[in-house]
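For the numbers below, each heavy atom of this structure counts, side chains included, while hydrogens, waters and symmetry mates do not. Here is how names work: the chains are called A, B, and so on, in the same order as the sequence lines, proteins then strands, and each is numbered from 1. Fair warning: this is a prediction, and the values are worked out from it, not measured in the lab.
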Amino acid sequence: MTAISAHTASSPTAVDPAALHTPVIAWFDSNARDLPWRRPEAGAWGVMVSEFMLQQTPVNRVLPVYEQWLSRWPRPADLAAEAPGEAVRAWGRLGYPRRALRLHGAAQAITERHGGDVPREHAQLLSLPGIGEYTAAAVASFAYGQRHAVLDTNVRRVFARAVAGVQYPPNATTAAERKLARSLLPEDAPTAARWAASSMELGALICTAKNEGCVRCPIADRCAWRLAGKPAYEGPARRGQTYAGTDRQVRGKLLAVLREAVAPVPQVVLDAVWDEPVQRTRALDGLVADGLVEPMENGVYRLPQSRA
DNA sequence: AATCCGTGGCC
DNA sequence: TGGCCAAGGAT
C-alpha cells in the first residue's frame with residue numbers, strides 16, 4: 001500500500017466501525033485486567049470512586065487506596081458522614097488532593113439529592129463536583145451499561161492512530177474527536193459499553209504513548225498510523241509538566257505534614273517544609289482557599305473538619 | 001483557551 | 001538525569 005492510499009484510508013469517513021469493534025472486543029474478552037472496579041460487587045459507587053482516583057493517576061497506585069476506601073466507605077452516605085479532612089487523609093499520596101474533596105462533596109450531594117444512590121442520568125452525574133464530560137460518560141457506561149462516547153486519553157490515542165493516522169491526539173478534546181467517537185459507537189447499549197471499555201483497555205495496555213505493542217494489537221493490520229509508517233508527531237508542543245520549585249510542590253509538602261499529623265499543626269512546623277517565605281505563604285493560603293486546610297486560632301492548622 | 005492542580009515510575 | 005507520562009476537572 002502506498003503512502004497516498006494509506007492516507008486516503010485514514011479518512012474518518014472511510015472507517016467501517018464493525019471492522020474495529022469485533023477484533024477489539026474479542027481481544028478485550030481474552031486480555032482484560034481483572035480490576036476490582038470491574039467486578040459486579042463494585043457497583044456504581046465503586047466505579048465512581050475508581051474513576052475519581054484514576055484521573056491522572058496510574059492504576060497500580062490506585063489499587064490499594066481503592067480497596068481501603070471501599071472497605072471503609074462502602075456507600076456514598078458513609079463517606080458523606082465523615083469530615084472532609086478524613087477523605088483528604090485517606091487519599092494518601094495519590095496526588096491532586098482536591099479530587100478527594102470533590103469526591104466527598106459528590107457523596108454528600110448523592111446522599112442529599114439522590115437518595116444515596118449514584119445517579120444514572122449523564123446530566124445528573126455531570127452536575128456533581130469533580131465529574132466532567134469523561135467521568136460522567138464513564139460511570140454511565142461502565143456502571144449502568146449505557147451508550148456514551150467515553151473519550152479519555154487512551155481512547156483518544158487509539159482513535160488518533162487507528163483512524164486519523166497520527167501518533168498523538170490534540171492537546172484538548174476537539175469537536176472532531178467527539179464526532180468521530182459518536183460515529184464509531186455501536187448501536188446497542190451493551191455493545192457500546194463493551195466497546196468503550198475495550199478501546200480504553202487497548203490504549204492502556206497495547207496502544208500506549210511510548211513503546212506501543214503493535215505486534216500484539218488486534219487491529220494492527222488496519223491501523224492508519226502503522227500503515228503510514230508510524231510518522232512522528234507533528235504539531236504544537238505538548239504541554240509540559242514542570243514541578244520542581246512550583247507552588248504545587250510546596251502545597252504537596254505542606255499537605256503531607258498535615259496528612260500525617262494526629263493533632264493540629266503549628267505554623268512553625270509547616271514553615272520548616274520550605275525556605276522561601278513568600279511562596280510558602282502563597283501555597284498555604286491557596287490550600288486554605290481550596291478548602292484543603294482549615295486554619296484554627298493562634299496560627300494552628302489542620303485538615304478540614306467543617307462540612308463545606 | 002490556557003493554566004493550575006500532586007506524585008512517582010520509567011527509560 | 002530529567003522530561004515524559006498517567007481512566008481529567010475547574011476556572
Heavy atoms under 4.0 Å, any strand shown: does R98(A) hit a base, just sugar-phosphate, or nothing? base

Could you list the residues that satisfy ring-ring contact (aromatic ring centres under 6.0 Å, His included) with Y233(A), not counting sequence neighbours? Y168(A)

For R61(A), which contact category applies under a 4.0 Å heavy-atom criterion: base, sugar-phosphate, or nothing? base

Strictly by modelled atom types, are W225(A) and Q167(A) linked by a side-chain donor-acceptor pair under 3.5 Å? no

So if I take residues 152-160 of chain A and measure heavy-atom distances to DNA chain C, which residues fall below 4.0 Å? D152(A), T153(A), N154(A), R157(A)

Quiz item: T242(A) side-chain donor-acceptor pair to dG3(C) base, under 3.5 Å: no

Just checking L35(A): base, sugar-phosphate only, or nothing, at a heavy-atom cut-off of under 4.0 Å? base

In whole angstrom, give me the gap between the P atoms of dG9(C) and dG8(B). 23 Å

Under 4.0 angstrom between R102(A) side-chain N/O and dA10(C) OP1 or OP2: no

Counting distance alone, no hydrogens or angles: does the base of dT7(B) have a donor or acceptor under 3.5 Å from a partner atom on the side chain of R248(A)? no

Does anything in residues 128-148 of chain A reach DNA chain C, meaning a heavy atom under 4.0 Å, and if so which residues? P129(A), G130(A), I131(A), G132(A), E133(A), Y134(A), T135(A)

Partners of W91(A) by ring-ring contact (aromatic ring centres under 6.0 Å, His included), sequence neighbours excluded? W69(A)

Remember a base hit wins even if backbone is also touched, and classify W91(A) as base, sugar-phosphate or nothing at under 4.0 Å, heavy atoms. nothing

Considering every strand and a 4.0 Å limit on heavy-atom distances, what is the contact class for Y243(A): base, sugar-phosphate, or nothing? base

Tell me whether the side-chain N/O atoms of R259(A) come closer than 4.0 Å to OP1 or OP2 in dT7(B). yes

Provide the full list of ring-ring contact (aromatic ring centres under 6.0 Å, His included) pairs with a residue in residues 172-208 of chain A, sequence neighbours left out, each pair given once. H21(A)-W195(A)

For Y144(A), give me all partners under ring-ring contact (aromatic ring centres under 6.0 Å, His included), at least two apart in sequence or on another chain. none

